[in-house]
A.B. asks: 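First, the structure itself, so that you have it in front of you.
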2 protein chains.
Amino acid sequence: MKLVAIASYFEGEGKLSHRWSNNDEGVPASESHGQYISAIYRHMQIAISAELAPYRIGSGQYIFLMAISFGQPITQKALSEKLLIDKTTTAKAISKLETEGYVRREVDSSDNRYQLLFLTEAGQEVVPKVQEALARVKNKTRRGITDAEYDQMLSLLKIVLYNLTEQE
Amino acid sequence: MKLVAIASYFEGEGKLSHRWSNNDEGVPASESHGQYISAIYRHMQIAISAELAPYRIGSGQYIFLMAISFGQPITQKALSEKLLIDKTTTAKAISKLETEGYVRREVDSSDNRYQLLFLTEAGQEVVPKVQEALARVKNKTRRGITDAEYDQMLSLLKIVLYNLTEQE
DNA sequence: CCATATAGGATGTTATTGCAACTATTATTT
DNA sequence: AAATAATAGTTGCAATAACATCCTATATGG
């Protein structure tokens with residue numbers, strides 16, 4: 001896939017704006033974050049899939065692997081809430097990670113509804129490699145952005161997410 | 001789907017940070033935009049799907065409808081490049097819009113490989129409604145963000161997208 | 001104690017998306 | 001002019017993700 005032009009259908013013939021080509025009037029009021037969020041999401045999926053292919057981990061599974069490694073054991077329900085992902089999506093991602101041998105399920109003996117999730121040995125071993133791969137993608141995509149700007153962007157993204165998920 | 005907790009697996013037990021709960025040291029270095037981009041993307045898809053359901057337009061089609069309305073006629077190839085979307089995805093989205101009666105295909109007589117895309121009458125009529133629906137989602141999600149901050153966020157998102165798509 | 005409600009997961013289906021491979025048309029090369 | 005390249009689009013397949021629904025286990029109300 002050749003990526004040539006802009007992401008905004010509001011900009012007509014314009015090219016993807018880089019920092020230095022932003023005009024002085026700022027971003028047009030008609031522009032929306034949605035288009036950029038969407039394009040960034042899709043292309044990050046592509047980049048991460050390529051990075052993690054050697055470990056047979058897809059772009060739909062790595063977040064769960066990382067979350068489990070952060071605080072195991074954890075239940076699927078807790079994962080879903082933490083990552084704001086539907087519980088059925090979580091169930092299927094965990095199944096794949098289990099099939100690949102990275103995650104182990106164990107029924108909580110105090111409440112048989114719960115399945116506690118642990119990393120296997122293979123899981124423990126692969127986590128650092130996944131972290132490195134994710135860091136590579138992150139560093140590539142934030143080139144030319146200062147720490148302060150990056151922090152600001154994250155703060156704003158958090159507000160957007162909050163507005164999307166916490167309202168009425 | 002109940003959305004309760006945080007989006008970051010780096011934050012442990014923390015809750016989704018709102019502007020006012022950001023600590024003074026700023027965002028931890030380990031946090032990444034990826035998780036927020038992903039969550040925002042998925043929840044925007046949900047919100048937009050709900051808004052556009054009455055018109056039988058899915059979250060995968062509205063961008064194409066808007067882009068066609070912006071500058072018709074246009075080819076699928078041009079749409080794909082403009083929106084940074086794979087051409088096969090474009091083909092399928094256009095098929096749906098055609099089935100719903102919003103878009104019309106016409107072979108370019110000067111080069112039979114091209115199919116020029118136009119809005120139908122129904123398409124012309126639905127576009128303003130789609131714009132309103134998108135504006136509702138946009139306005140909801142940018143509550144509490146000033147114009148200047150929003151502009152800054154878009155500028156930074158553009159850099160991220162540029163880094164993802166224009167590098168080697 | 002039993003009926004109902006609630007909670008955690010699993011399964012089936014559908015929509016979005018990208019890749020590989022293909023067809024058809026135009027452009028280029030020899 | 002014939003063979004080969006390149007271009008626009010389509011089709012088949014697989015992965016991600018959500019919704020509806022169901023199952024099982026625990027909690028709660030009568």
Side-chain angles (χ1 to χ4, degrees), chain A residues 1-4 37-50 52-53 56-64 73-81 83-100 105-117 165, chain B residues 1-4 37-50 52-53 56-64 73-81 83-100 105-117 165:
Chain A
M1 177 169 163
K2 283 282 180 42
L3 306 171
V4 184
I37 296 285
S38 166
I40 292 168
Y41 171 78
R42 287 180 288 99
H43 287 275
M44 282 197 42
Q45 294 257 84
I46 293 170
I48 291 173
S49 292
L52 299 184
R56 320 210 318 145
I57 296 171
S59 64
Q61 291 114 53
Y62 75 92
I63 340 173
F64 297 99
I74 189 171
T75 67
Q76 293 186 189
K77 181 79 190 317
L79 272 183
S80 298
E81 292 178 351
L83 301 174
L84 299 169
I85 293 177
D86 188 83
K87 62 177 181 171
T88 67
T89 302
T90 300
K92 284 157 189 164
I94 299 301
S95 289
K96 288 199 177 179
L97 286 171
E98 195 182 29
T99 302
E100 293 299 333
R105 284 170 153 120
E106 192 174 299
V107 174
D108 184 346
S109 52
S110 71
D111 189 332
N112 290 321
R113 288 174 301 185
Y114 292 80
Q115 305 228 28
L116 300 176
L117 305 176
T165 57
Chain B
M1 177 168 161
K2 284 283 180 40
L3 306 171
V4 184
I37 296 284
S38 166
I40 292 169
Y41 171 77
R42 287 182 288 99
H43 287 276
M44 282 197 43
Q45 294 259 85
I46 293 170
I48 291 174
S49 292
L52 299 184
R56 318 211 317 145
I57 296 170
S59 63
Q61 292 113 54
Y62 76 91
I63 340 173
F64 296 99
I74 189 171
T75 66
Q76 294 186 188
K77 181 78 191 317
L79 273 181
S80 299
E81 292 178 349
L83 302 173
L84 300 170
I85 293 177
D86 188 84
K87 62 177 180 171
T88 67
T89 302
T90 301
K92 285 157 190 166
I94 299 301
S95 288
K96 289 201 175 180
L97 287 172
E98 195 183 29
T99 301
E100 293 298 333
R105 284 171 154 120
E106 192 175 296
V107 173
D108 184 347
S109 54
S110 71
D111 187 332
N112 290 319
R113 287 174 300 186
Y114 291 80
Q115 306 228 24
L116 300 177
L117 305 175
T165 57

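Sequence lines set the chain letters: A, B, ... in the order given, protein chains first and strands last, and positions in each chain run from 1.
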A.B. asks: Is there a side-chain polar atom (N or O) of Tyr62(A) under 4.0 Å from OP1 or OP2 of dT16(D)?
C.D. replies: no
A.B. asks: How does protein reach along nucleotides 2-7 of chain C, written 5' to 3' as B (base within reach of a heavy atom under 4.0 Å), S (only sugar-phosphate), or - (no contact)?
C.D. replies: ----BB
A.B. asks: Any base atoms under 4.0 Å from Ser49(B), or only sugar-phosphate, or nothing? Heavy atoms, all strands.
C.D. replies: nothing
A.B. asks: So if I take every side-chain heavy atom of Gln76(B) and compare against dG18(C), dG9(C), dT10(D), which nucleotide ends up nearest?
C.D. replies: dT10(D)
A.B. asks: Please determine whether side-chain contact (heavy atoms from CB on, under 4.5 Å) holds for the pair Arg42(A) and Ile85(B), giving the CA-CA distance in whole Å, both sets of side-chain angles, and the decisive distance to 0.1 Å.
C.D. replies: CA-CA 8 Å; Arg42(A) 287 180 288 99; Ile85(B) 293 177; 3.3 Å; yes
A.B. asks: Check each of Ile63(B), Thr89(B), Ile74(B) against Leu79(B) using the side-chain contact (heavy atoms from CB on, under 4.5 Å) test, and report the only one that passes.
C.D. replies: Ile74(B)
A.B. asks: For Thr88(B), check side chain to side chain donor-acceptor pair (under 3.5 Å) against everything at least two apart and list the hits.
C.D. replies: Asp86(B)
A.B. asks: Whole Å only: how far is the CE atom of Met44(A) from the P atom of dG18(C)?
C.D. replies: 15 Å
A.B. asks: Take atom CD1 of Ile40(A) and atom C1' of dT17(C), then tell me their distance rounded to the nearest Å.
C.D. replies: 17 Å
A.B. asks: Holding to side-chain contact (heavy atoms from CB on, under 4.5 Å), I want the full list of residues that pass it with Arg113(B), two or more places apart in sequence or in another chain.
C.D. replies: Asp111(B)
A.B. asks: Looking at Thr75(B), I'd like to know whether one of its side-chain N or O atoms comes within less than 4.0 Å of OP1 or OP2 on dA8(D).
C.D. replies: no
A.B. asks: Using 4.0 Å as the upper bound for N to carboxylate O, is an ion pair formed by Lys77(B) and Glu81(B)?
C.D. replies: yes
A.B. asks: For the pair Arg105(B) and Ser95(B), evaluate side-chain contact (heavy atoms from CB on, under 4.5 Å) and give the outcome as yes or no after the intermediate values.
C.D. replies: CA-CA 9 Å; Arg105(B) 284 171 154 120; Ser95(B) 288; 3.6 Å; yes
A.B. asks: Please report the distance, rounded to the nearest Å, between CD1 in Ile85(B) and C1' in dA15(C).
C.D. replies: 14 Å
A.B. asks: Between dT17(C), dA10(C), dG12(C), which nucleotide gets closest to the side-chain atoms of Lys92(A)?
C.D. replies: dG12(C)
A.B. asks: Side chain of Asp86(A): nearest nucleotide among dT10(D), dT16(D), dC19(D)?
C.D. replies: dC19(D)
A.B. asks: Gln115(A) side chain N/O closer than 4.0 Å to the phosphate oxygens (OP1, OP2) of dA10(C)?
C.D. replies: yes
A.B. asks: Looking at residues at least two apart in the chain, or sitting in another chain, which of them share a side-chain contact (heavy atoms from CB on, under 4.5 Å) with Asn112(B)?
C.D. replies: Val107(B)
A.B. asks: Rounded to the nearest Å, what distance is computed from the CD1 atom of residue Ile94(A) to the P atom of nucleotide dG9(C)?
C.D. replies: 10 Å
A.B. asks: Nearest to the side chain of Thr89(B) - dA17(D), dG18(C), dG9(C)?
C.D. replies: dG18(C)
A.B. asks: Can a side chain N or O of Arg42(A) be found less than 4.0 Å away from OP1 or OP2 on dC19(C)?
C.D. replies: no
A.B. asks: Can you name the ring pair (Phe, Tyr, Trp, His ring centres under 6.0 Å) partners of Tyr41(A), sequence neighbours left out?
C.D. replies: Tyr41(B)
A.B. asks: Judged by each residue's nearest nucleotide on DNA chain C, which is more toward the 5′ side, Ile74(A) or Lys96(B)?
C.D. replies: Ile74(A)
A.B. asks: Need to verify one output field. Residue with the more 5' nearest nucleotide on DNA chain D, Asp111(A) or Thr90(B)?
C.D. replies: Thr90(B)
A.B. asks: Taking any heavy-atom pair under 4.0 Å as a contact, classify Ser95(A): base, sugar-phosphate, or nothing.
C.D. replies: nothing
A.B. asks: Under 4.0 Å: is that the gap between some side-chain N or O of Gln61(A) and OP1 or OP2 of dT16(D)?
C.D. replies: yes
A.B. asks: Could you spell out the base pairing of DNA chain D as a dot-bracket line? Use Watson-Crick and G-U wobble contacts where both distances are under 3.5 Å, [ ] for crossing pairs, | for partners on a different strand.
C.D. replies: ||||.|||||||||||||||||||||||||
A.B. asks: Is any side-chain N or O of Asn112(A) closer than 4.0 Å to OP1 or OP2 of dT26(D)?
C.D. replies: yes
A.B. asks: How long is the line joining CG of Leu97(A) and P of dA15(D), in whole Å?
C.D. replies: 14 Å
